[in-house]
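Structure first, then comments.
All values below were derived from every heavy atom in this structure, side-chain atoms included, with hydrogens, water molecules and symmetry-related copies excluded.
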Amino acid sequence: MGPRADTATLVPVALATLAGCLLGTCSGLVPGLHANNFALLLAGAAPSVPLDPLALGAAMLAAGVVHTFLDIVPSLALGVPDGAMAAAALPGHRLVLRGRGREALRLSALGSGAAVAVATLFAFPVTWAMLRLAPLLTAWFPLVAAAVLALLLATEPSHSARLAGLLAFAAATALGAVTLGLSLSGPIAGGVLAPLFGGLFGAPVLLDALHGGGVPEQDDAALAIPPLDLGVSAAAGGLSGAAVGYLPGVSAGVAATISLPAVPARSDLRGFVVATSGANSSTAVFSLFALVALGAPRSGVLVAVDDAGVPLSLSVLLPVVVVAAAVGFVLVGVLGDAAFRAVARLDQRRLALAVLCLLVGLAALFAGLAGVAVFSIATLVGLLAVRIGARRVYLMGVLLGPLAFGL
């Protein structure tokens, strides 16, 4: 459980948790912005801020957790997924086009909330197992990565789809090999990942949305998925999130795709949204345990926590994750419904152009002019994948491929 926390730090930790929830709300609702960016900023400012390191870590974790709940909102309302939510974009958009966007928001919230509960229950036994398997998985990681890719390809319905996925993965791997080693900086610390993910997953959707019809009128938020299917999908997504926490280069999108065989066929669209959201949120728990047990941060937020020298006290940080999950669960429906109402009143073309400009601005802010160039190249790769009919989840080869090849 890590070091014991002094009771005097509990009030600062509680206040920092609320502040982190606010930061996560901002990052989750702004397309192209991630909680990683806020976490890295807090880590950089830590030496000059008179704040207890444990409270600082609570703020970072809370921001990251709330972000994983709310990033579905711009994905559905604006069509701009971040890297973790890329796999959920298409099924979610189908529900929006059918007028079931409000239902999709609730499905996402339930999937995330249930997955955090599942991850909390299973984190100790999974970590116990991974402590023994980690050396083996690390030594054979290229084969593990090949198995992940093979499993993704096996979920495709045809040989042409498998070929398209393989080509998209290869293009993303080449992009990652060229760009991940670059040391880019802008006015705000952020690095190369912001322009990479913005170009791969955001810009192609926006460019296609320039000619779209916008968000249609949305019906009620009643759930049209059997409770059993909801539970199975959430559990599958939650448990698959362990792969993200313990294996380098595996994203929540990849984990959710791996969990697809467990999603009941009769609830495919809705079950996929639940599973993807669950994998996205459960990683907060598993990544925290991986950092404590293995000393290996598997997410940008946990890298910032590690860099800031935060005491790894599970007795404090795990409740922070649970509280932040509860806050995120409540906010999804409230803010998501408001986002649908606001977007419905706006011109789709102008909105897409505005968000596209925002992504370019964020690339420059986090990585300078070189970041804009990376964003442009990543956009071309993302467009290529869409045009040849590959699912966007294969673009996560930008991380997985270079790690597997040791590039």
Side-chain angles (χ1 to χ4, degrees), residues 80-91 137-182 184 191-208 240 243-244 247-261 272 276 279 298 359 363 367 370-407:
V80 189
D82 70 2
M85 293 305 295
L90 185 55
L137 292 175
T138 301
W140 294 93
F141 184 74
L143 289 181
V144 173
V148 170
L149 177 59
L151 192 54
L152 291 176
L153 293 172
T155 63
E156 297 294 349
S158 66
H159 291 305
S160 60
R162 294 186 187 96
L163 179 60
L166 195 58
L167 290 174
F169 186 89
T173 297
L175 176 65
V178 172
T179 59
L180 288 177
L182 299 177
L184 304 183
V192 74
L193 289 183
L196 263 183
F197 284 130
L200 286 173
F201 301 109
V205 179
L206 285 170
L207 292 172
D208 287 338
S240 70
V244 184
L247 294 179
V250 177
S251 70
V254 172
T257 303
I258 293 173
S259 71
L260 271 181
F272 193 57
T276 304
R298 298 299 192 203
L359 291 180
V372 176
V374 170
F375 173 85
S376 302
I377 298 171
T379 299
L380 292 176
V381 174
L383 284 171
L384 171 66
V386 173
R387 295 298 181 265
I388 64 177
R391 287 185 294 159
R392 289 184 174 88
V393 68
Y394 290 102
L395 295 175
M396 291 311 301
V398 73
L399 297 179
L400 190 62
L403 281 171
F405 289 108
L407 301 176

Just so I know, are the side chains of Leu149 and Leu166 near enough to count as touching, which here means a heavy-atom distance under 4.5 Å?
yes
Taking C-beta and beyond as the side chain, do Leu180 and Leu196 meet within less than 4.5 Å on heavy atoms?
yes
Filter on salt bridge (Lys or Arg N to Asp or Glu O under 4.0 Å), then keep only pairs touching residues 167-177, sequence neighbours left out; what's left?
none
Which pairs with one or both residues in residues 159-168 pass side chain to side chain donor-acceptor pair (under 3.5 Å), sequence neighbours excluded?
Ser158-Ser160, His159-Arg162
Val374 vs Leu175, side chain to side chain contact (heavy atoms under 4.5 Å, CB included): CA-CA, chis, key distance, verdict:
CA-CA 9 Å; Val374 170; Leu175 176 65; 5.6 Å; no
Scan residues 195-204 for pairs that pass salt bridge (Lys or Arg N to Asp or Glu O under 4.0 Å), counting only residues two or more places apart or in two chains.
none
Mind checking what makes side-chain hydrogen bond (donor to acceptor under 3.5 Å, both in side chains) contact with Ser376, not counting sequence neighbours?
none
Return the set of residues passing side chain to side chain contact (heavy atoms under 4.5 Å, CB included) with Leu383 (not counting sequence neighbours), or none when no residue passes.
Pro204, Leu207, Thr379, Arg387
So which pairs with a foot in residues 139-152 pass side chain to side chain donor-acceptor pair (under 3.5 Å), sequence neighbours left out?
none
Closest heavy-atom contact between Ala378 and Pro195?
CB-O, 4.2 Å
Quick one: salt bridge (Lys or Arg N to Asp or Glu O under 4.0 Å) pairs with a partner in residues 163-176, sequence neighbours left out?
none
Could you tabulate the donor-acceptor pairs under 3.5 Å formed by side-chain atoms of residues 393-406, not counting sequence neighbours?
{"from": "Tyr394", "atom 1": "OH", "to": "Leu152", "atom 2": "O", "distance (Å)": "3.1"}
{"from": "Tyr394", "atom 1": "OH", "to": "Glu156", "atom 2": "OE2", "distance (Å)": "2.7"}

Might you point out which heavy atoms bring Ala390 and Ala164 nearest each other, and give the distance in Å?
CB-O, 3.4 Å
Applying side chain to side chain contact (heavy atoms under 4.5 Å, CB included), can you list everything that pairs with Ala370, at least two apart in sequence or on another chain?
Leu184
